[in-house]
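Have a look at the structure below before the remarks.
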Amino acid sequence: MSKFTKKRSRKSGLAPGTLVHIGEQKVSKAKITIIDYNDANCEIKSPASCEECYPYKDKPSVTWINIDGLHELPVIEKIGAHFGLHPLLLEDLVNTEQRPKLEDYDSYFFIVLKMLSLNPQNSEINSEQISLILGSNFVLSFQETEGDIFDPIRDRIKNNKGRIRKMGADFLAYSLMDAIVDNYFIILEKLGERVELLEDELVQKPTQSTLHEIHKLKREMIFLRRSVWPLREVLASLERDESPLLTPQVSPFFRDVYDHTIQVIDTIETLRDMLSGMIDIYLSSISNRMNAVMKVLTVIATIFMPLTFLVGVYGMNFKFIPLAEWLYGFYSIWAASLVIALAMLIYFKRRRWL
Amino acid sequence: MSKFTKKRSRKSGLAPGTLVHIGEQKVSKAKITIIDYNDANCEIKSPASCEECYPYKDKPSVTWINIDGLHELPVIEKIGAHFGLHPLLLEDLVNTEQRPKLEDYDSYFFIVLKMLSLNPQNSEINSEQISLILGSNFVLSFQETEGDIFDPIRDRIKNNKGRIRKMGADFLAYSLMDAIVDNYFIILEKLGERVELLEDELVQKPTQSTLHEIHKLKREMIFLRRSVWPLREVLASLERDESPLLTPQVSPFFRDVYDHTIQVIDTIETLRDMLSGMIDIYLSSISNRMNAVMKVLTVIATIFMPLTFLVGVYGMNFKFIPLAEWLYGFYSIWAASLVIALAMLIYFKRRRWL
Amino acid sequence: MSKFTKKRSRKSGLAPGTLVHIGEQKVSKAKITIIDYNDANCEIKSPASCEECYPYKDKPSVTWINIDGLHELPVIEKIGAHFGLHPLLLEDLVNTEQRPKLEDYDSYFFIVLKMLSLNPQNSEINSEQISLILGSNFVLSFQETEGDIFDPIRDRIKNNKGRIRKMGADFLAYSLMDAIVDNYFIILEKLGERVELLEDELVQKPTQSTLHEIHKLKREMIFLRRSVWPLREVLASLERDESPLLTPQVSPFFRDVYDHTIQVIDTIETLRDMLSGMIDIYLSSISNRMNAVMKVLTVIATIFMPLTFLVGVYGMNFKFIPLAEWLYGFYSIWAASLVIALAMLIYFKRRRWL
Amino acid sequence: MSKFTKKRSRKSGLAPGTLVHIGEQKVSKAKITIIDYNDANCEIKSPASCEECYPYKDKPSVTWINIDGLHELPVIEKIGAHFGLHPLLLEDLVNTEQRPKLEDYDSYFFIVLKMLSLNPQNSEINSEQISLILGSNFVLSFQETEGDIFDPIRDRIKNNKGRIRKMGADFLAYSLMDAIVDNYFIILEKLGERVELLEDELVQKPTQSTLHEIHKLKREMIFLRRSVWPLREVLASLERDESPLLTPQVSPFFRDVYDHTIQVIDTIETLRDMLSGMIDIYLSSISNRMNAVMKVLTVIATIFMPLTFLVGVYGMNFKFIPLAEWLYGFYSIWAASLVIALAMLIYFKRRRWL
Amino acid sequence: MSKFTKKRSRKSGLAPGTLVHIGEQKVSKAKITIIDYNDANCEIKSPASCEECYPYKDKPSVTWINIDGLHELPVIEKIGAHFGLHPLLLEDLVNTEQRPKLEDYDSYFFIVLKMLSLNPQNSEINSEQISLILGSNFVLSFQETEGDIFDPIRDRIKNNKGRIRKMGADFLAYSLMDAIVDNYFIILEKLGERVELLEDELVQKPTQSTLHEIHKLKREMIFLRRSVWPLREVLASLERDESPLLTPQVSPFFRDVYDHTIQVIDTIETLRDMLSGMIDIYLSSISNRMNAVMKVLTVIATIFMPLTFLVGVYGMNFKFIPLAEWLYGFYSIWAASLVIALAMLIYFKRRRWL
């Protein structure tokens, strides 16, 4: 639950623009990595200090400055001040509870995204906030923790694979967003597999824990949806935007990520529909099993109650009991019992209870 | 319930613009507080009289006049008359049943908000209507009762912390709205914790009172939603508005509160979804327990009914009963009973009823 | 039900513009009342004849002509002809099945509203169609029956209270609409009280009739919603309209009624949500009671079936029964029975069935 | 079911514009009727041949050509060719599976409508597709079968009743559409009566067939909604359209039919809501009856199981049984049984099970 | 399940524009077919090589190049390069997980569609992605596998049937899309028949497998909806588009396919509604059968428990038992039993349990 309502209360009452890091402190020290490149050259500094970042602000080559760790507020503030970032933006950046969004500050875009991963222990979705600042010739990326899914991009830059070294900062921002959205498909695949497993379990042997599992998956879907849904708008505006920060040839790429996002949302909705249907099946299977149990009880009671009455009759202490002295009296009651039981069984067979 | 439909009937039939205070009388006497400030000076008068407010209308420094208590209608009327407020506005102001809304009266904005708090006794949400009048150099705020969440703002003004003393009345209005929205997060956190507790209870030992609790929380969510949802539009219009009352540099701040409101709404929806899912789990757990009870009954009946029949058979008063004279007759029936009972148990084990 | 589908079939096949009164005939004779006023004078004629209405069409003072009773078609036709009303308008006027709507006929507005009242017998909502024709200096109002909620307005006109005598026909139309919408709050309050009562009943002693009552209320809500929902659009267009029939200073008043309508709709939706939640609680309480019943049955059966078997064993007619000759044999079986029963009770206590 | 998915497969693979009649062949021969009129004269030819229709295309008087029967494709093709109808239009015309729609072919409008009727046998809704071609001075109407609801219109034309002879082809088209929409009210009235009957049945004696009936009605509602919903758009465009085919004075008439359509849709939605609520009541009444049955069983078992045990105790074959020799032993057990049974009954009375 | 989430993970981390074929490899070798035609001539080459396609790019006659098989990436790349297709387009083309969409690349349109077929074995819907490139005088179509539903179109081209040889490439694209949409009707017909069969099964003998079948059909509907819904937008834009690639006389044809798509969506929604209603019926029929079982049990227990008690009473070993010595004692108990049983049966008859 707590992933839905993080401790924001700490912030309450503070002046707007006050930086308060909301979220767990995930790394001990912020780590800065600078990758600067153009078609010809590529330079990587890691780890770098705040001050080393400053000159890249106005360098014409494309610079990607990545900061891992958001709790070291002075680092954020220094970089924010040098790159002229709005105080509210910095506040949002360290408050890791933002919804995905795009804010246009004229000289740069502020983009918030959610990088998701599946926790292998409890198979819950973990979420990490990625904030991108897209300037005319630089991209700043802020992550909560080290370790990300951008290594293939770093690799492409280093080895000048694909078109990335020939394009500007907007293409770099696109590449990062594309990597994040592509990652959603992997999450969905894994969740889809779990849905499939649960479906099999539901048909074979549904238990109360199956239901809990279904609800847990449904909640993961709600969480996923919250992380992805607003991204749709973000990408739609990036595609349509006429800002000088975005070159026209990057627009089809944003349309492409937009399409992928729609596909992700589509799949989430489908999985949600399927999970809802599975709850119906679960509930009806409980009722069906109850029905089966009741039938057994009724069959047993219907057969043995009359018989018990019958033998009770011959257990009465009357002086004159017909057949009591007869040699085959005992056996004739046994026979009568069998006949009654068989008749009952045939009756239940006919009503398809057995 | 009554918080959804307050006694408006008292108003029915009166001329429009007639002031009728709807809501409980919460304070004995209206209390006026004047805070007047600019970057250099700050002057506070508390309590102040109606007449003391008048000169601040046209003073160039920013003035915040706060009125606690709405039942003293002459006070409201006098201030309304002096500040040129529309009669319908005054009517809405004392009728504490308004939805959050923004009305543009050209020379001032009328903003209605809901300040929420959790009643510690019955943990229901209490709502207090806050009305703001935003003029070019003043903000009037009307509260139902003393005691609010604006002390940090008063503190920032007094001690010239942050940018508030350097900004105009629009920033003051923003600060008040921001404080109210930030407060929603605290309410949501507490509600979220209760949802978490209920989830645990649901897994461990669900009772009918768990369900009542879930429904009570759902109703609080409906109430919360009603208070927050219309705020979205209010803030969206404030952000987009081109009124001279709003300076451009305040616009990103309104966008920020807008974002927070969206987050609040988002969280409310998520909690609602979770509560709905919990009702499903509750209902299925009832069915499951019924199933378990039925199985016990059926197992008992299925084992003992045939046995009772069997011993009934040997209780019949026939003269010729096989084995009756045999020394081990009694024990052989015991043995037969045990065999039958064991066979039944194995059968139920196989059908996984035990 | 029949209030949802009145007998329109009578109209089928007739030429458009043919007047057919649909609805019960509620008064024996149409009654016309003329109220003519300006700031200085006020003249009331009641009852008046059709012909007496004619001169007021072009009199500059504001005239309110109220007609009670729609079945006397010649009266409607004569007035319609004199005031130049469109035949389709007259058709809608007498067909009391219209949805609330606004039609702009350039020289006048045609407004249809629903005046609601609670039937004290069966506590169902009764609906009466009120049609207003707003011309430049007159308002015609058509009601199905005598007796309405406009007396306070008549009073204000007669005694020159409030601003009504200083304003034009548009303000009169507003006043009538405001009275109707204010009346909705009274209906909602009463319905809200019934919802509250049902909630208590649901917690204390829910019966099948509670459910029927909940559904009846839900249907009243559907009915209410149908009557109020389209009013929203009507009032929104009146507020925005630039027609010369509407003076600018009346616009905030229409916005005010619009706000009230939104509040009414909001409350209806909330009550609907609550009623839906109550159905869930009702259904789960049935299941819970069934569960309780089943537990009693199972406990009884589980205790007495083994005991009955046990005493049945000692009722068998074998010659050699252990303990049969023993002095305390009978008591030892009693003791064994008590031990077994107690063990069962402790077991059920542990499983929390008791 | 089959009314939802007619056999379109026959059409698959054919060139667009190929005429294939989809739907049952309902009449043996197409029948053409020509009604030509202006304010002064009125001429009727029935039956007429294809060729007789040709001269009316350019005659200034208003001509209504009605064709009953769509399977005689050469007739359709000849008329289509002469009146310059688009091949795709002809294809839609004979394919009676169209949704209601309006297509603007500049020199004429193509309007598709559904004429509904209740099958008296199985009380299902039958649907017949009516296609109208509205030219500047003619209306072509195509029906699947003879017999329609337009006789009152024919009557009005013949006898010059109402304004129809004074108006143009657009008014004729309006009159036809109005007749069709008015007919929907009759269908709804009948369905409404069946809903009412079902409601009574539900309260008095609900059976599984009640539920089947409710679902059948729900399906009829789905069908009705499909036929009426798109009409809303059709009429809204006709009202707003600026085409020279539509004279301004007809516009309020189209607005009127539009209003009626909204009312029809509204009533359909209300009936759907009511039917959904009835399903809830049905399901809860099943649970209630089950509850009642279970209570009877539990009461019986709880009373007689202890008693059976008691008498079983005194049926044991011990030598020393207390009271066995006592004269009133037998009666004292009877008395004890009665006391136990009464105590149980009082207990159940208190728990309100009886 | 897996049809909802295909293995996209393979793509993750690759540079955008990298071609990765996602989907099963369905044919061993790509097969190219060229059909080039104008009103006078028609030339067909099959199979053709990549290079043979090149000259057709600028030939004025209409050329349809169809490529079956997407896994042979060099072929796709060569054709893409020659016809100037955007790398992202090629990526989407081989990634067979696209939603239906339209992308306007100025000099050509890129259209993605889903061709559906019912798998005869498990009666699931199979989906094949069809990508169309519509240039000014050519259409490229890419299919996953050989065998399609376009043979009637090929036939019409070869034999110059209909208008296809007289029209441009846009009409060819329309024809292909029309064939695909027409095919949806066939799928829907078959699904509709299965829904009908299930409805009958539901009334006659519902089992748990009926429910599984209903859910399977519901899932097919979700799948179908996903494939068809986005097509609506695609066709709406094609109809409205002002691109020089589309001649005005083709616009009504696109409107026609658009109408068909709406009909398909409509039918899907109706079938979904029906399936949901069927689940309700299924669940209520389980409850009803449980009710019936419980009644049998209760009737049996209520009759035989008192009787067993009665005979137990006379089985007690008291010395003084009334009637014990009486000649007709035994028969009188039998008679009493019959009377009690009959009374019970009459009682149950009256309560309508039998």
Side-chain angles (χ1 to χ4, degrees), chain C residues 1-2 4-5 7-9 11-18 86 88 91-92 97-99 101 103 105 205 208 211-212 215 218-219 222-223 226 279 282-283 286-287 289-290 293-294 296-297 300-301 304-305 307-308 311-312 314-317 321 323-330 333-334 337, chain D residues 149 151-152 156 161-164 174-175 178-179 182-183 185-186 188-189 191-193 195-196 199 203 252-253 255-256 259 262-263 266-267 270-271 273-274 277 280-281 283-285 287-288 290-291 294-295 297-298 301-302 305-306 308-309 312-313 315-322 352-353:
Chain C
M1 223 310 298
S2 36
F4 293 107
T5 53
K7 295 284 172 206
R8 265 191 84 111
S9 41
K11 280 212 56 167
S12 177
L14 294 180
T18 313
H86 195 280
L88 285 172
E91 196 187 341
D92 283 355
E97 250 202 298
Q98 304 305 311
R99 300 169 83 228
K101 66 176 171 179
E103 289 183 359
Y105 285 91
K205 185 167 177 301
Q208 183 79 352
L211 183 67
H212 282 287
H215 266 100
K218 257 188 120 174
R219 249 174 61 187
I222 295 173
F223 184 71
R226 265 181 81 167
I279 290 172
Y282 175 75
L283 291 175
I286 295 182
S287 295
R289 269 182 297 158
M290 177 117 64
V293 171
M294 291 306 302
V296 169
L297 176 60
I300 287 288
F304 284 102
M305 279 192 163
L307 299 185
T308 304
V311 300
Y314 280 89
M316 290 191 295
N317 290 319
I321 299 179
L323 314 178
E325 315 269 314
W326 186 35
L327 189 59
Y328 301 108
F330 183 85
I333 295 298
W334 262 117
S337 296
Chain D
I149 54 176
D151 284 336
R156 265 182 269 149
K161 281 194 292 194
R163 75 192 67 195
I164 196 161
Y174 150 73
S175 301
D178 189 47
D182 267 6
N183 193 245
F185 284 104
I186 299 177
L188 274 180
E189 257 175 60
L191 292 177
E193 280 160 20
V195 169
E196 243 176 295
E199 276 209 317
V203 171
F253 290 92
R255 183 170 61 183
D256 197 59
D259 275 356
I262 300 285
Q263 255 175 275
D266 226 44
T267 309
T270 304
L271 289 173
D273 272 4
M274 287 173 68
D280 280 359
I281 293 194
L283 292 175
S284 85
S285 77
S287 295
N288 267 315
M290 177 117 64
N291 238 341
M294 292 304 303
K295 279 180 185 169
L297 176 59
T298 304
T302 312
M305 280 190 161
T308 304
F309 166 68
V313 162
M316 289 192 293
N317 291 319
F318 283 103
K319 201 158 183 185
F320 306 100
I321 299 178
R352 292 175 200 259
W353 283 15

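Every chain is numbered from 1 and lettered A, B, ... according to where its sequence line falls, protein lines coming before strand lines.
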*What is the minimum heavy-atom distance between Pro252(D) and His86(C), and which atoms define it?*
CG-NE2, 3.8 Å
*Using a cut-off of under 4.5 Å for heavy-atom pairs, which of Asp266(D), Val203(D), Ile321(D) has the most such pairs with chain C?*
Asp266(D)
*Relative to chain D, which segment of Met316(C) carries a heavy atom at a distance below 4.5 Å: side chain, backbone, both, or neither?*
backbone
_Between CZ on residue Arg99(C) and OG1 on residue Thr267(D), distance to nearest 0.5 Å_ = 9.5 Å
*Reported OH-to-CD1 distance for the pair Tyr282(C) and Ile281(D), which is rounded to 0.5 angstrom*: 9.5 Å
*Would you mind checking which part of Phe253(D) comes under 4.5 Å of any heavy atom in chain C, side chain (CB onward), backbone (N, CA, C, O), both or neither?*
both
_Met294(D) CE to Met294(C) CE distance, which is reported to the nearest 0.5 Å_ = 3.5 Å
*Of the listed residues (Pro306(D), Ser287(D), Ser285(D), Ser175(D)), which shares the most heavy-atom pairs with chain C below a 4.5 Å separation?*
Pro306(D)
*Just give me the residue among Ile286(C), Thr308(C), Leu211(C) that pairs up with chain D most often, heavy atom to heavy atom, under 4.5 Å.*
Ile286(C)
_Out of Leu323(C), Val293(C), Ile333(C), return the one with the most heavy atom pairs under 4.5 angstrom to chain D._
Val293(C)
*Give the member of Ile262(D), Asp151(D), Leu191(D), Asp178(D) that has the highest number of heavy-atom pairs under 4.5 Å with chain C.*
Ile262(D)
*asked:* If you count heavy-atom pairs within less than 4.5 Å of chain D, which of Val296(C), Ile279(C), Leu283(C) leads?
replied: Val296(C)
*Rounded distance [0.5 Å steps], OG1 in Thr302(D) versus CD1 in Ile300(C)*: 4.5 Å
*Given Ser284(D), which of His212(C), His215(C), Gln208(C) fulfils the side-chain contact (heavy atoms from CB on, under 4.5 Å) condition?*
Gln208(C)
_Residues which pass side-chain contact (heavy atoms from CB on, under 4.5 Å) with Lys101(C), listed by chain and number, not counting sequence neighbours_ = Asp92(C), Gln98(C), Glu103(C), Phe110(C), Val112(C), Asp259(D)
*How far does CD of Glu97(C) sit from CD of Gln263(D), to the nearest 0.5 angstrom?*
5.5 Å
*Top of Tyr328(C), Phe330(C), Tyr314(C) for chain D proximity - count of heavy-atom pairs under 4.5 angstrom*: Phe330(C)
_Residue part contacting chain C, namely of Asp256(D), when any heavy atom lies under 4.5 Å_ = side chain
*For Lys161(D), is it the side chain, the backbone, both, or neither that has a heavy atom closer than 4.5 Å to a heavy atom of chain C?*
neither
_Can you tell me how far apart CZ (Phe320(D)) and CD (Glu325(C)) are? Round to the nearest 0.5 Å._
7.5 Å
*Give, as side chain, backbone, both or neither, the part of Trp326(C) having an atom under 4.5 angstrom from any heavy atom of chain D.*
backbone
